[in-house]
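First up is the structure itself, then whatever we jot down about it.
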Amino acid sequence: MDCETFNRGRYGTYVGFYVVINDEYGEERKVLTKHCHSRADGYLGCQVDVGFDASTGEWIVLE
């Protein structure tokens, strides 16, 4: 995984991750998750579970 940061002012910097998704057609897609983590520690270079929130259209790292 790769990551991207977003600064939310007084709330600090949050991290979103680029993940590779294998869809139902066997194709790989690279998507950006919601910026909801304050640190990238323990996520970079790892395999993680992600979920899709259809109501917001966001991918979220599941812990």
Side-chain angles (χ1 to χ4, degrees):
M1 281 192 334
D2 193 7
C3 69
E4 176 182 283
T5 59
F6 179 76
N7 189 309
R8 296 190 181 191
R10 67 183 177 137
Y11 298 108
T13 301
Y14 288 84
V15 180
F17 299 95
Y18 286 101
V19 296
V20 176
I21 305 294
N22 293 317
D23 66 16
E24 64 271 11
Y25 304 110
E27 297 179 10
E28 287 188 351
R29 296 186 299 138
K30 189 174 183 180
V31 297
L32 178 64
T33 66
K34 183 175 181 174
H35 291 75
C36 58
H37 296 277
S38 60
R39 297 175 53 175
D41 296 348
Y43 292 102
L44 296 178
C46 296
Q47 184 173 349
V48 297
D49 292 325
V50 295
F52 182 71
D53 185 348
S55 65
T56 63
E58 295 175 321
W59 288 91
I60 302 169
V61 175
L62 303 173
E63 297 186 86

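All values below come from the heavy atoms of this structure, side chains included, with hydrogens, waters and symmetry mates left out. We count residues from 1, following the sequence as given.
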* CA sep, side-chain torsions, deciding dist, call: Val48, Leu62, side-chain contact (heavy atoms from CB on, under 4.5 Å) -> CA-CA 7 Å; Val48 297; Leu62 303 173; over 6 Å; no

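When all heavy atoms of Thr5 and His35 are compared, the pair lying nearest together is C-CD2, 4.1 Å.
Both Val61 and Val15 are assigned to one and the same hydrophobic cluster, defined by single-linkage of ILVMFWY side chains at heavy-atom distances under 4.5 Å. Cluster membership check: Val50 shares its hydrophobic cluster with Phe52, using side-chain heavy-atom separations under 4.5 Å among Ile, Leu, Val, Met, Phe, Trp and Tyr.
Remark: Asp49 CG to Gln47 CD distance equals 7.5 Å, nearest 0.5 Å.
Residues Ile21 and Trp59 meet the side-chain proximity criterion, which asks for heavy atoms closer than 4.5 Å.
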